[in-house]
Amino acid sequence: MHKFRISYLLILPFLIFIASCNESAEKKSSKTDGDEIDQKVSELLSKMTLEEKAGQLIQYNGSWDVTGPVPEGDNEQRKYQNIKEGKAGSMLNVIGAEATKEIQKLTVENSRLGIPLLFAYDVIHGYKTMFPIPLAEASSWDMEIIEKGSAIAAKESAAAGLHWTFAPMLDISRDARWGRMMETNGEDPYLGSKIAEARIKGLQGSDLSDVSTILACAKHFAAYGFAEAGRDYNTVEMSDYTLHNVVLPPFKSSIDAGARTVMNAFNIYNQVPATGNVYLQRDILKGDWGFSGAVVSDWGSIGEQIVHGAAKDTIDAAKQAIEAGSDIDMESRCYESLVQMVNDGIIDEALIDDAASRVLRLKYELGLFDDPYKYSDEEREKAEIYSEENRAIAKESALESMVLLKNEGLLPLENVKSVGVIGTLANSKDIPLGSWRAQAVENSAVSLLEGLQNVMGKSTKIEYAEGYKLAVGRRSFVYELTFEEKDRSGFAEAIALAKRSEVIVMALGEDCWQSGEARSQVDIGLKGLQLELFKEIQKVNKNIVVVLMNGRPLAIPEVAELAPSILEAWHLGSEAGNAIAEVLAGNHNPSGKLPVSFPRHVGQVPIYYNHFNTGRPTTNEHDAGFVFWSHYSDELNSPQYAFGHGLSYSNFEYSDMKLSSDEMTKGGEITCSVNVKNTSDRDGEEVIQFYIRDLFGSIARPVQELKGFEKLMIKAGEEKKVEFKVDEELLFFYRKDKTWGVEPGKFHAMVGGSSDKVIKAEFELK
Ligand code: NOJ
């Protein structure tokens, strides 16, 4: 007992601090987050019993058919009973207007206060209309289309009775072995921050009570993307500087954009599980950033603190989590003990009040107290989900998300008489839907083959041969990993097709279930017999356009060398095939840029453009000379394709880079301008990228950092002047003394169409 009193005293100051932060966050807030809601929340809270308040912090998985009999088994029974008694605050995986309405009724009509539930679901890149996987969408560098895509995902989800998506994922990752790379926005904190903002705006809109918007959830807080060796759920070991300078910026940006929920993470940070991490959740998120929304644990992560060896038992796990600011327990059931813990003096009721009021506030913001069923509308569900209009935007997004990695003149396929389409991936109507596909209907995507027939079929002979098989085990939750593939029975047909075709379009890559949660791999090359067949085809016809379909960067050195043209198409969603075909045919000029580096070899991972210089960098890696420098003896340091890389059917020339001054005074601002000319005869979009290098600081500084970009349509022959403003804030970093700020000294400004192709100038901050 004595011990518990002491721990309460220890947390008291931060409880007071939280209260004051909430107050100030509310002051600067929007209409939905205002005083009125605050007042309603505190009135309601004062009427609630401890059980009811603690109930708001419990999130159950909806694994039963509510229209059927009461589920069997103790836990299910208790879950059902708790929902009826208002001792649960939210549920995940209850989907559809009918099911959500049914369960909402259980709680609203039976519980004492009739407080509605929140229904949450992983809507990661679309609800039923599938958009490109997030890593693909990030390749568009197009904030408008990303926002639109999120808005459609929200609209479809909301029409199916959902209030909340567990998206966007904002983890930075530098490791293609990690299966969840597909869910990220890549390796860069600046691009990641812009995308975070776009996705939050898209999902939440400007008014949460509008039935076409839902709550967003910035996840996973924090550093989950740095799992050691790319193995999911693995240990994270990271400096505080990397945390602040690389990992946190997208989260900060999402909070600034109004994200109302945050999910914590499975990993440890500084050896403390993120779920029980006071520094991450109390100090940074709810303290420094004044976050007034709710933090949900990741699935079971409160209980997993015990497995980490960082909590003694479920009581200790619940105590650490609630004290650290984890408001909602997703399915670990540890928070079912909260009431007892308060009664036993283990935790203070004020913690429950704070967490419960955060959850209640969300329910008011969504308007659920006015009408708990307003999202569950069968009519809207029918009309708004998977509409033609939504699919048209998914196609637009897919068009912007492709990256032309290499083109030695084969593309676009204009005036081509015959195209041989090879590879089972080209004929799949399912794989393009990607991992984390919510309610997408199996086999509902437009395949590459169908797309080519739709777009080019009238004027070009299109034939198909399966060639190789993808022997990856299937389905989302359980699979058998059988990458061993011995079946060459399709080779002969494919080789014969290659011989008689003018051009080959060969689809290579990954099954969609090779990436996603728990899908880490040590090998990021092409599985099975894909490469073998590619080489066979290459022997008989050199005109190969490779279309990559994958959920992570791949190491494909042979393909990169031998294929004249390579189009990175990722897993592009419902309209994949049509979009790819439009690009191959030249009806759409590709403009995507890589948000992540492509290694030459898995041994280079983690590989990223914004690395440090080291004490022994190389100036010319192709001519090593002296041995004692930072390099590999058997491979180059540089990636196969750099961050920011992406070609177009147009050619862009950068010239006349100018700084308005080569000196910047404290509090001042300078401008960097550059001319970009489209020297081709084809209109095209270019992503003009602006980087800086801080040459010297109180801690080592990266060799390059993205600090701005602009995606511009430049007409054939046209030249455009582009300007980037540099002010002090743009140069801020988390410094040796653990504060954010800028330090005087020399900087390089760099501009180009890729991180590895820039022109530069120098300026000094006085
Ligand atoms: C675990 C994943 O890490 C998280 O991203 C997801 O939202 C939850 N499961 C719920 O499905």
Side-chain angles (χ1 to χ4, degrees), residues 58-63 88-95 118-127 133-135 150 153-154 157 160 162-173 178-185 196 199-200 203 214-227 230-236 247 250-251 254 259-269 273-275 277 280 293-305 307-308 321 326-333 434-440 475-478 513 515-520 551:
I58 289 171
Q59 179 170 99
Y60 287 130
N61 184 38
S63 56
S90 54
M91 294 194 77
L92 76 155
N93 297 336
V94 178
I95 304 135
L118 290 175
F119 294 110
Y121 191 40
D122 289 288
V123 180
I124 306 300
H125 56 110
Y127 176 80
I133 57 169
L135 186 63
S150 293
S157 307
L162 295 165
H163 310 127
W164 183 11
T165 173
F166 297 132
M169 199 243 239
L170 300 180
D171 296 301
I172 297 288
S173 179
W178 193 44
R180 299 195 81 168
M181 173 67 98
M182 57 86 35
E183 258 181 278
T184 73
N185 298 316
R199 293 202 198 279
I200 299 296
L203 290 166
I214 56 174
L215 296 166
C217 181
K219 73 186 188 186
H220 304 85
F221 201 73
Y224 177 48
F226 281 71
R231 201 181 74 220
D232 208 1
Y233 317 125
N234 201 7
T235 301
V236 169
V247 169
F251 287 97
S254 75
R260 298 302 290 138
T261 76
V262 169
M263 183 185 292
N264 59 36
F266 289 126
N267 55 282
I268 55 174
Y269 178 70
T275 312
N277 202 305
L280 291 175
V295 176
V296 61
S297 81
D298 202 344
W299 184 293
S301 70
I302 297 182
E304 284 179 19
Q305 293 180 100
V307 193
H308 276 293
S326 296
D327 301 306
I328 300 172
D329 176 5
M330 183 199 289
E331 274 294 332
S332 89
R333 308 293 168 93
S435 189
W436 281 120
R437 50 172 64 186
Q439 290 295 294
R475 298 288 52 93
S476 53
F477 294 113
V478 188
W513 303 117
S515 53
E517 186 175 351
R519 268 53 168 212
S520 297

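Read the numbers this way: they start at 1 and go in the same order the structure lists the ligands and their atoms.
- Applying the side-chain hydrogen bond (donor to acceptor under 3.5 Å, both in side chains) criterion to Asp232, with sequence neighbours excluded, gives Trp178, Tyr224.
- With 3.5 Å as the limit, one finds a donor-acceptor pair spanning the side chains of Gln439 and Tyr121.
- Atom OG of residue Ser301 and atom NE2 of residue His220 lie 9.5 Å apart, to the nearest 0.5 angstrom.
- Contacts of ligand 1 (protein heavy-atom distance under 4.0 Å) are Leu92, Asp122, Phe166, Arg180, Lys219, His220, Met263, Phe266, Asp298, Trp299, Met330, Glu517.
- Between the side chains of Ser90 and Trp164, no donor-acceptor pair of N or O atoms lies under 3.5 Å.
- No salt bridge links Arg519 with Glu517; every basic N to acidic carboxylate O contact stays at or beyond 4.0 Å.
- If you take CG on Asp171 and NZ on Lys219, they are separated by 9.0 Å, rounding to the nearest 0.5 Å.
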